[in-house]
S.K.: 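My questions will all concern the structure given below.
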Amino acid sequence: MLTTRSEIRDQLLKEPPEGFPFARWEERSEDNVLCETVQRTKGLERTAIVLVDLSGSPDPVLLYVGCSRAVSSLCLVGPQSLAHSTGVRAGSGAVFAGKRRG
């Protein structure tokens, strides 16, 4: 799980979804899900990435760096503006602002 802002990362760490134990880089293990900022993981690839940006006006550089960390699977979580910023087509089945599109 990558976020573009530390406030979102901290909120996810404080209140993780049930069944998904999150951990910061220093506490990572096979038993939890890494939850960090894009900046902290720059240069490291992962099989699957969930990229969270709730800003409404995503930074294109952070989006590129975050998206490019995914080797096989990328899931974007955020408002519709995130879809536009990343070129995701309407009706692609992506989830934005809590609603499934398409």
S.K.: Mind checking whether C35 and F20 have side chains closer than 4.5 Å, heavy atoms only?
M.R.: no
S.K.: Using modelled atom types and a 3.5 Å cut-off, is there a donor and acceptor pairing between side-chain atoms of D10 and backbone atoms of E7?
M.R.: no
S.K.: Rounded to the nearest 0.5 Å, how far apart are CD of Q39 and OG of S6?
M.R.: 8.0 Å
S.K.: Is the shortest heavy-atom distance from the side chain of V61 to the side chain of L63 under 4.5 Å?
M.R.: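 They are not in side-chain contact.
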S.K.: If I take atom CZ from residue F22 and atom CD from residue E27, how far apart are they, to the nearest 0.5 angstrom?
M.R.: 14.0 Å
S.K.: Would one find more than 12 heavy atoms of other residues, nucleotides or ligands at under 6.0 Å from atom CD of E26?
M.R.: yes
S.K.: What do the steps show when you test E36 against R28 for side-chain contact (heavy atoms from CB on, under 4.5 Å), and what is the final call?
M.R.: CA-CA 10 Å; E36 264 304 347; R28 70 191 183 282; over 6 Å; no
S.K.: Given a cutoff of under 4.5 Å between side-chain heavy atoms of I, L, V, M, F, W and Y, with clusters grown through shared members, what are the other residues clustered with W25?
M.R.: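 Hydrophobic cluster check, W25: joined to L34, L44.
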S.K.: From L51 CG over to C67 SG, what is the distance, rounded to the nearest 0.5 angstrom?
M.R.: 5.0 Å
S.K.: Are the side chain of D53 and the backbone of L76 linked by a donor-acceptor contact shorter than 3.5 Å?
M.R.: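 Side chain of D53 to backbone of L76, a donor-acceptor pair under 3.5 Å: no, none is there.
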S.K.: Only one of L82, V65, L62, L54 passes side chain to side chain contact (heavy atoms under 4.5 Å, CB included) with T4; say which it is.
M.R.: L62
S.K.: Evaluate the side-chain proximity of R5 to T37: yes if any heavy-atom separation is below 4.5 Å, no if none is.
M.R.: no
S.K.: So, do R9 and M1 sit near enough that their side-chain heavy atoms are less than 4.5 Å apart?
M.R.: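 Not in contact.
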S.K.: Please find the pair of heavy atoms, one from S81 and one from G56, that lie closest to each other, and give the distance.
M.R.: OG-O, 3.1 Å
S.K.: Would V71 end up clustered with L2 when hydrophobic side chains under 4.5 Å apart are linked, directly or stepwise?
M.R.: no
S.K.: Who are the salt bridge (charged side-chain N to carboxylate O under 4.0 Å, His left out) partners of R46, not counting sequence neighbours?
M.R.: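 R46 satisfies salt bridge (charged side-chain N to carboxylate O under 4.0 Å, His left out) with no other residue.
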